[in-house]
Structure formats: structure tokens, C-alpha cells
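For reference, the structure discussed in these notes is given below.
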Number of protein chains: 2
Amino acid sequence: MSTIEDVARLAGLSRTTVSRVINNHPYVSAGKKKLVQEAMDILGYVPNSSARSLRNQKTDIIAVFIPRVMNPFFSQFIESFENAASGQNYQLIVCQTQYSQEKELTYLNLLKTRQIDGVVMVSFENDWDVIEPFLEYGPIILCNEVVEKAQVPMIFLDQQYGGYIATKHLTSQGHSKIAYCCGGYRSSVSMARERGFRQALTEAGVQFEERYAFRNAFHVEDGKRVFRELKEMTCPPTAIFTGGDEVAAGMISEAKKFGWNVPDDLAVIGFDNQEITELLDPMITTVYQPVEEMAHKALEVMVQRIQSKRNYSLEKHEFPMKLVIRESTISKKLANV
Amino acid sequence: MSTIEDVARLAGLSRTTVSRVINNHPYVSAGKKKLVQEAMDILGYVPNSSARSLRNQKTDIIAVFIPRVMNPFFSQFIESFENAASGQNYQLIVCQTQYSQEKELTYLNLLKTRQIDGVVMVSFENDWDVIEPFLEYGPIILCNEVVEKAQVPMIFLDQQYGGYIATKHLTSQGHSKIAYCCGGYRSSVSMARERGFRQALTEAGVQFEERYAFRNAFHVEDGKRVFRELKEMTCPPTAIFTGGDEVAAGMISEAKKFGWNVPDDLAVIGFDNQEITELLDPMITTVYQPVEEMAHKALEVMVQRIQSKRNYSLEKHEFPMKLVIRESTISKKLANV
DNA sequence: ATGAAAGCGCTAACAG
DNA sequence: CTGTTAGCGCTTTCAT
């Protein structure tokens, strides 16, 4: 393992000069520069990054917080973000909080110990008040989630609009008994979607019915369960808005098992535009979220923050959603469109 | 940002003593220990990890190489590996090679620059000869892939057995015209599966037919395409082995579109036991791969290697696959179970 | 049981 | 344009 000292000695120059050519500084004569490069080649020299980190007070590593990788939304984010980051010579550390406040806190310590230059929180578990103090140690940006009181960059999707266009699509198909299905109350994401849902209902002159609301559906199994609950209802809904394609898929799969026709007996709309939406029969109408654009913007903003060392100012970037109409909401029977 | 010096001063002791309590060394009197801890609390002190890395010649970071995150096999690996790693206080850097030799090489430099302690290659693009020299800088272990000449740990699944049980299942259903579909020739994975496929065929006394072989199917779209090719054949196969559930899903979806009945007209078997196998109608028969076990073993072996500093010895760990029988291969028509 | 001092490998004043 | 020197923050001999 050769060091800068070895290179300097071999080239017959000082460490400073070697350092200058490593970092592309001006004011190095072409001759010495070549000398240094030759010496580096001979020794197979590569600068030690721990030493550089210590000296430069930065590691060129960014941490991304997600609850877990195996969720298409988050894995797509990781994929896009890593692609962008590697293009700028940043490495990406994955932090899975597992929905645990404690794990999230443990990971935040990476900032304190200076193992990373910044944190992108695509999910968060703790109250902002407990996260905020870590800003002293480096930039934190919020991605996909919105916290009103936080004075940091926030990159997010217009969830309300997403909920709105999905529901509007349902009402415009003539539905008025529309169920609402999502995962969790708390998150700003769910809340915004529900606002959009209600807005579309209101516009169509239909009342929101609490008995049609299911707020604990995250996964395939949940979709199946919700369908079973729903089919037992007196006067069941004719359409349902779900917060995720997996949930919609589970619901459709179960509905078919019980002989229901989707979309004729029940129109189902998903969320995320995952691959699975094109595989089920019927193909699932859904809402496309521009995850890649969001991830790229997140990196861009993060890099700026790291360079400018300004951790404390608000900055909002919103991206729109898009409705993707497939078969699970378009009744052939009614034939209205 | 307080340093060890600050703590020492506040506690009225030397840096050495503070360092000793940080690292739980013996020979520190209880009294001084408490003094130090109080000082650390007051200052909110946390050791700087760049400084430690420089001094200790290790970063507690492991890199995982995969082609891309958005593939259930790899994202599951990442998820499991990160869970295990965080339990041992290791961080995980994700390196997406994008199937590019050049990118892979760039990432290998992380080892040279000492930014990471070791590399887990779940995929690899370059010849072993070009990877091997990097062993000088730290441990590299192979996961899921096997390279005969490599003198490093290899954690892998019994792919041949996987191919075998899947195909055996098909022949035992009475099929003799069985197509073979996989992604890529080269990889040890595909080759082993094909050996298993041929073995099962041989046992059943049927000949391998090259015209039934499709070796460029990676994704949903490919499955659809392969079906279209296959249905035009004179004397098409009655069953098909695919190297991935997505491919199987695409095939089934397309087959249904053309009015074919799966499994009666064509039995389809997948690989991976992804969630989607339980959602399609028919549900997909597939092969379960113990990815989580593999990831856990990979971490265990990696940690050992890092600690022992022995980068150059062979070590093999094999895990078995399991057949998961669902509907896509069980013809109700024939009713032979 | 505790401390003084050297040094991990690098970069940036500062001087020339 | 080039070199000398002083650290970045930590751990570890080696004394005491």
C-alpha cells in the first residue's frame, strides 16, 4: 500500500506537489506533473480515502433512509438515486429503518460521527423535533414526505392531486359508492391523498362514507382481506380507491376467486404503476409517480447543500402524478367511454 | 463538534484515558471512567469515524455489487444483507454495475482507496483474472455465482438441483415436449440450471431439443415475446421451464390473451417464488430460492474474512432450492394430480 | 492505572 | 512554480 510520501520520493518531489497533481491544482509545471504521474503509475498509487475524509471533513457518502428495500417504490428510489449519485462520485449507504424510531435514530448518528455527508429521508419515523437537532451535523432533506415546520429541502409528489385524479376518474365512470383504502393514518402522504379523494367526491356531489374507509392496507394480503370484508357489506361499494398496486392486485385476485367481475361488479384503481398492473387480468388502472425524477432532484439538491453547507433553509420541489388508465376501472358493460 | 481532546480537558485527564473508555479497555479505574463519561455526555461527544478509519485501517463498510436494485432477487438480497449487517454495526454501500464491466471496475476501486472493508459480488461482469488482483486490498466474496478458479469464499444455491426439480416436476406430469427459457448463456447460474434441466429430461428418456431453447429472456416483455414465437411453431411444446417468475408471468399473460389455457395447453414453471406467483390466475408453480439465508451467510463469512485478514482461501457454502407447486403446471384436464 | 508522544495519509497555509 | 510545516482526530506503544 503506497502512500503519497512514496510517490513524492520516487518522483523526487515534495508531497505537496504530488497532492497538487492529484487534485488538479493549477501552478504545477507540465514536467513535474508528468514525473508525478509516472511515479503514481509505477506504484499503482491511489489516495487513501479515510485520510482525505479526515482532512477534508467530508466522505462523499450519502445515506438514504427507507423503511425497507423490498417495496417497489423504495427500491425504485434507491435504484434511481444510486445511478445519479455514482455519476457525481457519491456513494450511497442504505439505511432500512424497519419502521422503527430507534433504528432511525441509530442511523442518524452516522451524521454525528461524520461517516456520511448528508441524509435523504424517504421515510421517517420520529417526530421532526427529534430529527431536527441532527441538522447541526449535516444536511437532511425530506423526500416524498412533507413536514410543515421543517426548514429543510422537501422533494415531493402532489399526493392530493394523485388522489384527486384517481377518484375523479372513478366518479366520471358513473360511480358514487366509492370505497377508500390506504395504509396508515398518520403520514402526510396518506392524508394528502385522502384530501384529494374527498375533493373529487365533493365535486361529484357525493358524500364521504366512513364505513367505506379502510386505513390499514399495505400489502397483497391486506387487499384480499379488505375485499372479503367489503363483499359482506349490505350495499357494498361499486368502486374502490387503493393506496397501492399490490393492494389492488390482492383485491382483484380475491374478487375473481369469489366470482366477482372486475370492473363490472367492482372497479379497482391502484397506485404506483408497478409492473404487476400490466400482468393481471384485468390490467390495473393506476397512478404513475415520477420516482426517478424525484430521486434525481433529491441528489441534485443534496449535493448543493453539502457544498454550500447551508443546512437550515426551506426549499420545495413538487412533482405531478399521472393517471394511467387500463382495464380495472373501465366497464365494458356500461360502455361509457 | 467536540473532539477527544475537549473531553479529556473537561474531564481533567489525558486523551489516552478517554480513548480507553471509548473502546472499553481494561485498566481504567471506575472513578475516572465515570468522569470521562460525564464529560462525553455534557459535550455530546461522538468519535469521528474518519479519524478512526484512518487510524484503524478499517471503515466498517461493506459494498454489495449487483447489476440493479429493481429486480426482486437482488433487492431481496440487499434487504436481507442490510438487516444482518446493521446488526453487526456494518454499513452497506450499494453498487449497481448496470451490467457494465467498466462500472464494476470503478466500484472495485473503493477497495483500493480503502473506502470499504470488503466486497460481496452478487453479480459480476469482468473475468476473474481482472478482479483477482483487487484481493490484495481486501476480501472479496462471491455470492450466487461460482467461479472455479477463484480462491475466495463462494456462497451459492444449488442451481442444477433447482433446474432439475422443476423439470422433473414437468416430466412427471407427463410432458415430453418441454421448452427451455433462460436469461443469457454465460453465467454459471444459467449453465447449472440447464444441466439440471437436461438431467431431468434424460432421466425421463426425452431428448433435449435446441429449437425449444430460448436463451435471452430476462423480463416480462421477453416472456410475452417468447410465447408469441412459440405459438407459431409447428409442434409447439406443451410445457416450458423459465428462468424467472417475471418471464413466466409475461408468458402466461400473453398466452391467455391468445386464448391458450395454462396449464392445459401450456404448462409454465417460474423461478424465484416472487409475490406475483400468487396473484396471477393460474398461480405460478415456481422454485423457491433461500435468498435470506444466503445473504446472512454472506455477511457472516465476510465479517470473518475482514477480521482474519485472510483474503485468499476457498470456502464453499451451498444452499438447496425448493419446488413450490401451484396451478400453472397442474392440468385439471389430465387430473394426474 | 495513567500520560506523553508518535503517526495513520492527506491537504493547505505560508514562505520563498 | 515548489517545498516546509502544521495539523485533521484518533489509537497505541512506551514509559512511569
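Computation of the quantities below employed the complete heavy-atom set of this structure, encompassing side-chain atoms and omitting hydrogens, waters and symmetry-equivalent molecules. Protein chains get the first letters and strands the later ones, always in sequence-line order, with residue 1 at the start of each.
- For the pair B:Ala51 and B:Ala30, both in contact range of DNA chain C, the more 5′-proximal nearest nucleotide belongs to B:Ala30.
- The side-chain heavy atoms of A:Lys316 and A:Phe156, taken from C-beta on, include a pair separated by under 4.5 Å.
- Evaluation of atom-type donor-acceptor distances gives no pair under 3.5 Å for the side chain of B:Arg55 against the base of C:dG9.
- At least one side-chain nitrogen or oxygen of A:Arg52 sits closer than 4.0 Å to the OP1 or OP2 atom of C:dT11.
- A donor-acceptor pair shorter than 3.5 Å can be found between the side chains of A:Thr17 and A:Ser14.
- If you check distances only, the side chain of A:Thr16 does reach the base of D:dT4 with a donor-acceptor pair under 3.5 Å.
- Remark: A:Thr3 is not in phosphate contact with C:dG9, judged by side-chain N or O atoms under 4.0 Å from OP1 or OP2.
- As rounded to whole Å, 21 Å separates atom P of D:dC8 from atom CD of A:Gln115.
- Going from atom CD of B:Gln57 over to atom P of D:dG9 covers 19 Å, rounded to whole Å.
- For A:Ser313 and A:Arg305, the side-chain atoms include at least one donor-acceptor pair closer than 3.5 Å.
- Between A:Lys149 and A:Glu132 there is no salt bridge, since no side-chain nitrogen of the basic residue lies less than 4.0 Å from a carboxylate oxygen of the acidic one.
- Regarding B:Asn23, its CG atom lies at a distance of 17 Å from the P atom of D:dG9, rounded to whole Å.
- For A:Ser29, a side-chain nitrogen or oxygen approaches OP1 or OP2 of D:dT2 to under 4.0 Å.
- Between the side chain of B:Arg20 and the base of C:dG3, a donor-acceptor pair under 3.5 Å is found.
- For the OP1/OP2 pair of C:dC8 and a distance below 4.0 Å, the side-chain nitrogens and oxygens of A:Asn48 include no atom meeting the criterion.
- When the side-chain nitrogen and oxygen atoms of B:Tyr27 are compared with OP1 and OP2 of D:dT12, none of them lie within a distance under 4.0 Å.
- Counting non-hydrogen atoms of other residues, nucleotides and ligands closer than 6.0 Å to NZ of A:Lys103 gives a total above 12.
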Open item on the list: Under the criterion side-chain contact (heavy atoms from CB on, under 4.5 Å), I'd like the reasoning laid out for B:Asp117 against B:Thr59: C-alpha separation, chi angles, the key distance, then a yes or no.
Closed with: CA-CA 6 Å; B:Asp117 290 346; B:Thr59 58; 3.1 Å; yes

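- Distances shorter than 4.0 Å separate some side-chain N or O of A:Thr17 from OP1 or OP2 on D:dG3.
- Closest to the side chain of B:Tyr45, from the set C:dG3, D:dC10, D:dT5, is D:dC10.
- When the C1' atom of C:dC10 is taken as reference, atom CG of A:Asp60 falls 14 Å away, rounded to whole Å.
- A:Pro26 comes within 4.0 angstrom of no nucleic acid atom, judged by non-hydrogen atoms across all strands.
- Spacing between atom CZ of A:Arg15 and atom P of D:dA6 amounts to 12 Å, rounded to whole angstrom units.
- Remark: A:Lys32 is in phosphate contact with D:dT2, judged by side-chain N or O atoms under 4.0 Å from OP1 or OP2.
- In this structure, the NZ atom of A:Lys58 is 16 Å from the P atom of D:dG9, given to the nearest Å.
- OP1 or OP2 of C:dA12 lies within a sub-4.0 Å distance of a side-chain N or O belonging to A:His25.
- Within the structure, every side-chain polar atom (N or O) of B:Asn56 is placed at least 4.0 Å from both OP1 and OP2 of D:dC10.
- Here B:Ser19 lies in heavy-atom contact (under 4.0 Å) with a base.
- In this structure, B:Met1 atom CE and D:dG7 atom P are separated by 20 Å, rounded to whole Å.
- Across the protein-nucleic acid pair, A:Leu54 atom CG and D:dA6 atom C1' stand 13 Å apart, rounded to whole Å.
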